[in-house]
K.L.:
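Have a look at the structure that comes next, please.
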Amino acid sequence: MPYVNIKITREGATPAQKADLIKGVTKLLADVLNKSPAATFVVIDEVEMEDWGVGGLPVAEYRKTLET
């Protein structure tokens, strides 16, 4: 039984956007792993932006490098 844990930052994801994430992941699991949608678990955790990083930088700092 596939279990997927999605981490998103607390930047105002709407319930509709979260539902779309769940639908998309469920479809991906069905298409790629041939799993029944009823047999999949998708969990969405909202995390603080500073709790994780990209390329060795906290996300807030990494995003600043994208703006320049």
Side-chain angles (χ1 to χ4, degrees):
M1 180 175 326
Y3 173 94
V4 177
N5 187 308
I6 300 172
K7 305 275 188 201
I8 60 173
T9 59
R10 290 193 177 133
E11 295 180 301
T14 67
Q17 289 170 322
K18 291 176 186 177
D20 287 343
L21 285 170
I22 293 168
K23 289 176 191 172
V25 169
T26 301
K27 182 172 179 1
L28 179 68
L29 292 172
D31 292 350
V32 174
L33 299 178
N34 299 316
K35 295 295 182 179
S36 165
T40 62
F41 287 90
V42 180
V43 176
I44 297 175
D45 288 329
E46 289 188 36
V47 297
E48 294 298 328
M49 194 162 67
E50 292 301 322
D51 288 347
W52 58 288
V54 175
L57 296 172
V59 171
E61 293 301 316
Y62 177 75
R63 287 184 177 169
K64 289 178 187 174
T65 67
L66 299 176
E67 295 171 1
T68 58

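Both backbone and side-chain heavy atoms feed into the values below; hydrogens, waters and symmetry mates do not.
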K.L.:
In the single-linkage hydrophobic clustering (I, L, V, M, F, W, Y; side-chain heavy atoms under 4.5 Å), do Ile44 and Met1 co-cluster?
P.N.:
no

K.L.:
Verify the cluster assignment for Leu33 and Val25: are they in a single hydrophobic cluster under the rule of side-chain heavy atoms below 4.5 Å apart?
P.N.:
yes

K.L.:
Report yes if the side chains of Val4 and Phe41 come closer than 4.5 Å at any heavy-atom pair, otherwise no.
P.N.:
no

K.L.:
In chain order, what residues pass the side-chain hydrogen bond (donor to acceptor under 3.5 Å, both in side chains) check against Thr65, with sequence neighbours excluded?
P.N.:
none

K.L.:
Flag the pair Lys64 and Glu67 as a salt bridge only when some basic side-chain nitrogen lies within less than 4.0 angstrom of an acidic carboxylate oxygen.
P.N.:
no

K.L.:
Does a side-chain heavy-atom distance below 4.5 Å link Ile6 with Asp45?
P.N.:
no

K.L.:
Would you mind reporting whether Ile8 and Lys18 have side-chain heavy atoms less than 4.5 Å apart?
P.N.:
yes

K.L.:
Is Val47 reachable from Leu57 through a run of I, L, V, M, F, W or Y residues, each pair having side-chain heavy atoms under 4.5 Å apart?
P.N.:
yes

K.L.:
To check you understand the geometry: which heavy-atom pair defines the closest contact between Ala39 and Pro2, and what is its length?
P.N.:
O-CD, 3.5 Å

K.L.:
Side chains of Thr26 and Val42: closer than 4.5 Å at any heavy-atom pair?
P.N.:
yes

